[in-house]
Each structure stands twice: as C-alpha cells, then as structure tokens.
2 protein chains.
Amino acid sequence: MDTKTALLDSAEAIARQRGFNGFSYADLAAAVGIRKASIHHHFPTKAVLGQAMMERYRHAFGDALAEIKSSAHSAADRLRNYIELYRNALQGGKTICLCVALSSDRSSLDDATLAEISQFHSASLAWLENLFDDARLDGSIRNVANSKQEATQCLALVEGAQLMAHARADAEPFDTATALLLARTNA
Amino acid sequence: MDTKTALLDSAEAIARQRGFNGFSYADLAAAVGIRKASIHHHFPTKAVLGQAMMERYRHAFGDALAEIKSSAHSAADRLRNYIELYRNALQGGKTICLCVALSSDRSSLDDATLAEISQFHSASLAWLENLFDDARLDGSIRNVANSKQEATQCLALVEGAQLMAHARADAEPFDTATALLLARTNA
DNA sequence: GTCTATAGATTGATAGAC
DNA sequence: GTCTATCAATCTATAGAC
C-alpha cells in the first residue's frame with residue numbers, strides 16, 4: 001500500500017477515536033512507520049491532511065449510501081441499513097463517524113475542511129429526505145408526514161447516539177436511542 | 001466576583017465553543033486578566049479544572065431541570081422547556097452543551113471528568129424517563145410507549161441537533177431536528 | 001493570591017543530505 | 001521519498017519573590 005493512503009488510514013482511525021486535535025504528526029509517524037518530517041512530503045500542513053481525510057471520508061460514505069440505495073428493497077430497508085452503517089462505525093463505542101468527531105473541533109479546522117463537513121451533512125440530508133419521500137409512497141415506514149424534518153431528525157439522532165455511545169465507551173446507548181425509529185419500519 | 005468563579009466561567013465559555021483541547025491556560029489568563037501561573041493556585045492541573053468545570057455544570061443543569069419540573073404544568077410543558085434549554089445554550093450555533101463539547105475529547109480527559117460526564121447522562125436520562133412516564137399518565141405527549149427508549153432517543157436527538165447546529169454555526173438545523181418531537185406535544 | 005522567570009515536553013513545520 | 005537535525009512556538013507545570 002502506498003504511504004499516502006496509509007497516512008490517511010491512520011489519521012482517520014485516530015481522529016475518529018480522539019478528534020482532530022487528538023492526534024499529532026508524531027502519532028501518525030509512529031503508526032505508519034516513517035519519520036515525522038516525511039509526512040510533510042505527502043501533506044504539507046495538517047490543514048491539508050485534515051481536508052484530504054474528510055474529503056475521502058465523504059466520498060466513501062457517499063458510495064456506501066449509493067450502494068445501500070441500489071440494493072435495498074424498500075425505504076424501510078434503506079433506513080435499517082443506514083442506521084446499521086453508523087452502528088458498525090462505533091466499534092463498541094471506541095470510534096465515531098469522522099464528521100461527528102470533527103464537528104466539536106470546529107474552531108481548529110480551516111475553511112476547506114469545514115466546507116467538507118457541510119457538504120457531508122447536505123449530502124446525508126438529501127439522501128435521507130429522498131428515503132422518507134419514498135417511504136411515503138411504499139408505506140414501509142409508519143407516520144411519515146414531513147420528509148425534511150424526518151431526515152434532519154434522523155441525522156441528529158444517529159450523530160447524537162454515536163456521541164453518547166462514545167462518551168460511555170459502550171454501544172448500548174446507540175441501540176436504545178435508535179430503537180423507536182427502527183420500530184416504525186415494516187418487515 | 002472571586003477569581004475561581006471567573007476562571008470557571010471563562011473555561012466553560014471557551015470549552016463550549018472549542019472543546020477541552022481548544023483552550024489553554026494562556027487563553028484563560030487573558031480572559032480573566034491574570035497571569036498563567038496564577039491559575040495553578042486555584043486549579044493545580046488542567047485535569048482538576050476540567051473536572052471542577054464539568055461538576056459545576058452538571059449541578060447547575062440539575063438545578064435547571066428541577067426548576068422546570070416544579071414549574072411546568074404537564075409532561076409536554078416539561079419537554080418543551082427541556083428542548084428550549086438546549087436551544088438557548090446554542091447561541092446561534094456558537095456554543096454547545098459542555099457535556100456535548102467534551103464528549104468527543106474523551107481520550108484527553110481523566111477518569112474523574114469522564115465520571116462527571118457519565119453522571120450527567122444518567123441524571124438526564126432519569127429525568128427524561130420520569131417525564132415520559134408522566135406523559136403516559138397525563139396524555140400530553142402522543143404515542144409514548146417505552147419511556148426508557150423515548151428518553152434515550154430524546155437525549156441523543158438534542159445532543160446531535162446541537163452538534164449539527166454547531167458544525168454549521170447556525171441554529172436552524174436544531175429547530176428542524178426537534179420539530180417532529182415538539183409536534184407530538186399537546187397545548 | 002499574584003507575580004516573574006523558567007523548566008521540560010510537545011507541537012507543526014523547514015532545510016538540506018542521501 | 002525518506003532521512004537527520006533543527007526551528008520557533010506553544011503547552012502544562014513549578015519555584016520562589018512579593
């Protein structure tokens with residue numbers, strides 16, 4: 001594997017555990033097995049690394065959403081897969097979505113990275129809004145009246161549920177927090 | 001006002017904007033108007049400061065919840081006041097709940113501070129579970145079946161909604177995310 | 001209780017050899 | 001592309017005068 005990819009992999013893994021301010025070039029160098037100074041050859045500044053990390057994550061997440069949409073049988077099925085995506089990202093409370101992890105470090109991020117976060121949210125909201133629109137047609141989720149509000153509520157719910165699970169280092173709060181939403185879906 | 005309180009006030013304000021790793025003793029000294037070294041007289045280490053900050057916040061929050069419970073006319077009224085508490089804490093997306101702000105900095109917090117966060121969550125969940133239990137009796141919130149799941153969902157929702165609003169530096173996502181929950185309450 | 005002065009570690013980043 | 005060596009800045013924390 002090329003070094004640049006290895007750096008992004010390690011950066012993402014640590015950032016999802018400890019946030020953007022929670023990792024240094026020293027940590028990264030140790031994880032990848034090269035010296036600190038060599039990182040600057042691939043990413044001249046930490047801001048550039050942060051943006052590249054978030055951009056890659058956003059695209060990978062978008063691909064996952066597209067895959068879910070193309071393979072799911074109903075809106076309910078898509079919602080279950082969506083929640084499972086966040087559930088699996090937890091790894092028992094140890095890691096969270098990169099976007100959630102960076103959101104609280106807002107002030108130490110540059111504009112390009114903040115724009116990535118904003119795009120991540122917009123894309124997720126659009127995908128979810130489409131999901132709830134479809135749910136009103138196929139009836140696979142109960143009591144859907146306002147798709148935009150459902151989408152925003154759903155995104156806030158999974159992000160907050162991840163935060164709770166992370167704070168406790170235990171996935172249980174995530175499952176309890178999402179149980180009622182899942183209970184609205186039909187088999 | 002005594003210096004110790006001023007330090008806690010400033011620390012809380014900055015931490016709610018930038019997280020625990022987002023402020024230094026230098027920032028704090030500048031905000032309060034004393035020298036860095038003087039802070040150590042009141043809080044020997046940053047870990048001690050962090051715990052004191054979270055402990056004070058937890059108690060103040062508990063007092064606010066008690067006040068809401070004693071003055072509200074119904075479970076629905078309590079829920080509206082609860083959500084408004086988180087809404088007002090936002091200040092247009094600039095600040096978030098201290099507990100939300102510290103949750104992503106988990107790895108840089110000591111055990112005592114983590115315990116405070118855990119207690120904050122437990123107290124909030126218990127308060128909310130009691131609220132939804134009462135809602136099933138007075139009927140002021142529609143479709144409440146499982147109080148524990150409703151409580152956990154509600155806490156995750158307001159925390160996630162704050163995170164979204166903070167990431168966008170705009171309170172609008174918070175209002176949209178909480179609209180459907182508020183719509184279940186009766187006048 | 002607050003100050004000056006400083007310690008020791010770590011931060012992101014640069015220069016230049018190989 | 002990776003290295004050694006080094007930079008200036010910042011970090012939390014301590015010692016001791018006032």
Side-chain angles (χ1 to χ4, degrees), chain A residues 1-56 98 101-102 104-114 116, chain B residues 1-15 17-56 101-102 104-114 116:
Chain A
M1 169 162 39
D2 70 298
T3 308
K4 196 164 187 170
T5 304
L7 284 168
L8 284 175
D9 287 348
S10 292
E12 179 184 320
I14 311 180
R16 285 173 53 185
Q17 290 176 56
R18 310 206 287 240
F20 187 71
N21 294 322
F23 76 93
S24 67
Y25 272 38
D27 296 324
L28 220 48
V32 172
I34 59 174
R35 296 296 184 164
K36 275 199 306 176
S38 307
I39 302 176
H40 290 275
H41 174 74
H42 303 279
F43 302 101
T45 68
K46 199 183 176 186
V48 170
L49 169 61
Q51 194 216 328
M53 186 173 68
M54 192 63 217
E55 186 182 11
R56 190 185 72 154
L98 185 60
L102 297 198
S104 23
D105 292 316
R106 189 173 201 291
S107 66
S108 41
L109 303 173
D110 66 321
D111 290 344
T113 309
L114 289 174
E116 289 290 341
Chain B
M1 169 162 40
D2 70 298
T3 307
K4 196 163 187 171
T5 305
L7 284 168
L8 285 174
D9 288 347
S10 292
E12 180 184 318
I14 310 180
Q17 289 177 57
R18 311 205 287 238
F20 187 71
N21 294 323
F23 75 95
S24 68
Y25 272 40
D27 296 323
L28 220 48
V32 172
I34 57 174
R35 297 294 185 164
K36 280 195 301 176
S38 308
I39 303 175
H40 290 275
H41 174 73
H42 303 281
F43 302 101
T45 68
K46 198 183 177 185
V48 170
L49 169 61
Q51 195 216 328
M53 187 173 68
M54 192 63 217
E55 186 183 11
R56 191 186 71 154
L102 296 198
S104 23
D105 294 314
R106 191 175 199 289
S107 65
S108 42
L109 302 174
D110 66 320
D111 290 344
T113 308
L114 288 174
E116 289 289 342

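Chain naming here is simple, since letters A, B, ... match the order of the sequence lines and numbering starts at 1 in each.
- Between B:D9 and B:R56 a salt bridge is recorded (basic side-chain N to carboxylate O distance below 4.0 Å).
- The side chain of A:T3 places no N or O atom within less than 4.0 Å of a non-bridging phosphate oxygen (OP1 or OP2) of D:dG1.
- Regarding B:H41, its NE2 atom lies at a distance of 15 Å from the C1' atom of D:dG16, rounded to whole Å.
- When rounded to the nearest whole Å, the span between CD1 of A:I39 and C1' of D:dC3 equals 13 Å.
- A:F43 places none of its side-chain heavy atoms less than 4.5 Å from the side chain of A:Q51.
- Side-chain nitrogen and oxygen atoms of A:Y25 include at least one within less than 4.0 Å of the OP1 or OP2 phosphate oxygen of C:dA13.
- Note on residues 16-37 of chain A: pairs passing salt bridge (charged side-chain N to carboxylate O under 4.0 Å, His left out), not counting sequence neighbours, are A:E12-A:R16, A:R18-A:D27.
- Straight-line distance from the NE2 atom of A:H40 to the P atom of C:dG12: 8 Å, rounded to whole Å.
- Toward the 5′ end of DNA chain D lies the nearest nucleotide of A:H42, the other residue of the pair A:K36 and A:H42 mapping further downstream.
- Spacing between atom CG of A:D27 and atom C1' of C:dT11 amounts to 11 Å, rounded to whole angstrom units.
- Applying the 6.0 Å contact sphere to CG of A:D111 captures no more than 12 heavy atoms from other residues, nucleotides or ligands.
- Using modelled atom types and a 3.5 Å distance limit, the side chains of B:S108 and B:D105 yield no donor-acceptor pair.
- If you measure from atom CG of A:N21 to atom C1' of C:dG12, you get 12 Å, rounded to the nearest angstrom.
- Counting to the nearest Å, the P atom of D:dA13 and the CZ atom of B:F43 are 13 Å from each other.
- Rounding to whole angstrom units, CZ of residue B:R35 and P of C:dT2 are separated by 13 Å.
- Across all strands, B:F23 comes closer than 4.0 Å only to sugar-phosphate atoms, never to a base (heavy-atom distances).
- Of the listed nucleotides (C:dC3, C:dA13, D:dA5), D:dA5 has the atom at the smallest distance from the side chain of A:A37.
- The side chain of B:S24 places an N or O atom within less than 4.0 Å of a non-bridging phosphate oxygen (OP1 or OP2) of D:dC11.
- Atom CG of A:L49 is separated from atom C1' of C:dT11 by 15 Å (rounded to the nearest Å).
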